Amino acid sequence: MHAPRFIVVCLLIVAPACLRMLTFEWNVVPIGALALFCGAHFRNRTLAFSIPLISMFLGDILLAVQTHNSQLYLFHTLMPFVYGCYILSVAMGIGLRSYWDRLDEGIGRRQTDSKAGTNRKDSGFWTRVVPITSLTVAGSILFFVVTNFGVWWLFSTYPKSWSGLLECYIAAIPYFRGTLGGDLIGSAILFGGDQLLRHDPRAVPQSERY
């Protein structure tokens, strides 16, 4: 692993983990955005899956130290639900990358066969902004639904009934706003920054991008 790529990977792990320490009360955690970005950016599947999971676990350790409550943050009963959601977000990012690859191949064939201008639906807004935003929101909703179902199912806080489940989801809405906001901001920074770097080949060599 070359030094620039090593530094990028370290930043992707450490920065979101440290951010969790500053914003954990509002649940503004861009780990979902990081997972989506890693799946879409890294062709190396090991990196794609390990970066957000390691970042999340490092954040758990830092929060356990900060709050002196290791039982709440380390190896808690909701870990399979939380980490499972981020694994699915990486998978969504991999699907997004496959979509872009197929799209690039199709555009290349059309440009070879015809000299017509770029189709409106091939513009960056429809092929980049819309899919990224849609999957970011989908990942936040997935996290909200799955983790709060886990809270309702595993703990005795809410009655084991449809009304209890609804009550659990309603109580979690303020935290969902933080999750969604953090993911949207995180996706804008990660994908937007990557797109800016792609316009300057000198800044990020092709071998370092994937």
Side-chain angles (χ1 to χ4, degrees), residues 1 3-39 41-42 46-93 135-158 167-194:
M1 181 180 291
R5 192 181 189 187
F6 176 76
I7 294 172
V8 169
V9 169
C10 289
L11 285 174
L12 289 175
I13 292 173
V14 174
C18 293
L19 183 62
R20 289 185 62 201
M21 297 179 63
L22 302 175
T23 63
F24 75 97
E25 292 183 357
W26 301 279
N27 208 40
V28 182
V29 182
I31 302 294
L34 175 63
L36 181 67
F37 174 78
C38 287
H41 182 80
F42 291 103
T46 301
L47 280 178
F49 282 98
S50 61
I51 288 174
L53 297 183
I54 293 174
S55 179
M56 183 66 187
F57 189 67
L58 176 60
D60 287 341
I61 294 174
L62 294 176
L63 283 173
V65 173
Q66 181 184 26
T67 61
H68 305 287
N69 191 346
S70 59
Q71 186 176 2
L72 179 62
Y73 292 103
L74 290 178
F75 305 108
H76 51 84
T77 53
L78 283 176
M79 280 190 75
F81 295 87
V82 173
Y83 284 70
C85 287
Y86 293 137
I87 289 173
L88 290 175
S89 289
V90 174
M92 287 192 291
L135 288 178
T136 299
V137 173
S140 298
I141 294 174
L142 174 71
F143 186 86
F144 172 79
V145 172
V146 171
T147 56
N148 284 289
F149 179 84
V151 170
W152 170 79
W153 184 32
L154 295 175
F155 300 102
S156 58
T157 309
Y158 301 97
E167 183 182 354
C168 178
Y169 282 127
I170 292 174
I173 289 176
Y175 300 99
F176 173 70
R177 288 197 292 263
T179 300
L180 180 61
D183 283 340
L184 288 173
I185 294 172
S187 285
I189 293 173
L190 291 169
F191 285 100
D194 178 62

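Computed from a predicted structure; not experimentally measured.
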Asks: Any chance you could measure C168, atom SG, to F155, atom CZ, to the nearest 0.5 Å?
Replies: 10.0 Å

Asks: Taking the side chain as every heavy atom from C-beta outward, state whether F81 and V151 have any pair of such atoms under 4.5 Å apart.
Replies: no

Asks: So which heavy atom on P52 is nearest to which on V90, and how close?
Replies: CG-CG2, 3.8 Å

Asks: Less than 4.5 Å apart, side chain to side chain, heavy atoms only: is that true for L142 and L88?
Replies: yes

Asks: Please report the closest heavy-atom contact between G186 and A33, naming both atoms and the distance.
Replies: C-CB, 3.8 Å

Asks: How close do Y86 and A35 get, counting heavy atoms only, and between which atoms?
Replies: O-CB, 3.6 Å

Asks: From M56 CE over to L53 CG, what is the distance, rounded to the nearest 0.5 angstrom?
Replies: 9.5 Å

Asks: Would you sort out whether Y175 and N148 count as a side chain to side chain contact (heavy atoms under 4.5 Å, CB included), showing the intermediate values?
Replies: CA-CA 11 Å; Y175 300 99; N148 284 289; over 6 Å; no

Asks: Show the nearest heavy-atom pair for residues L34 and P16, with the distance to one decimal.
Replies: CD2-CG, 3.8 Å

Asks: Quick one: sort the F37 and H41 rings into parallel, tilted or perpendicular, breaks at 30° and 60°.
Replies: parallel

Asks: If you measure from CZ on F57 to CG on L62, what distance do you get to the nearest 0.5 Å?
Replies: 10.5 Å

Asks: In the structure I gave you, are the side-chain heavy atoms of V29 and L19 within less than 4.5 Å of one another anywhere?
Replies: no

Asks: Just wondering, do L63 and R20 contact through their side chains at under 4.5 Å, heavy atoms?
Replies: yes

Asks: Do the side chains of F143 and V82 get nearer than 4.5 Å, heavy atoms only?
Replies: yes

Asks: Any chance you could measure T136, atom OG1, to L190, atom CG, to the nearest 0.5 Å?
Replies: 9.5 Å

Asks: Relative to the ring of F144, is the ring of Y169 parallel (under 30°), tilted (30 to 60°) or perpendicular (over 60°)?
Replies: tilted

Asks: Roughly how far, to the nearest 0.5 Å, is the CD1 atom of I13 from the CG atom of L47?
Replies: 8.5 Å

Asks: Which atom pair, heavy atoms only, marks the closest approach of S55 to L12?
Replies: OG-O, 3.9 Å

Asks: What distance do I141 atom CD1 and T179 atom OG1 have between them, rounded to the nearest 0.5 Å?
Replies: 11.5 Å

Asks: Minimum heavy-atom separation for T147 and C85, please, with both atom names.
Replies: CG2-SG, 4.4 Å

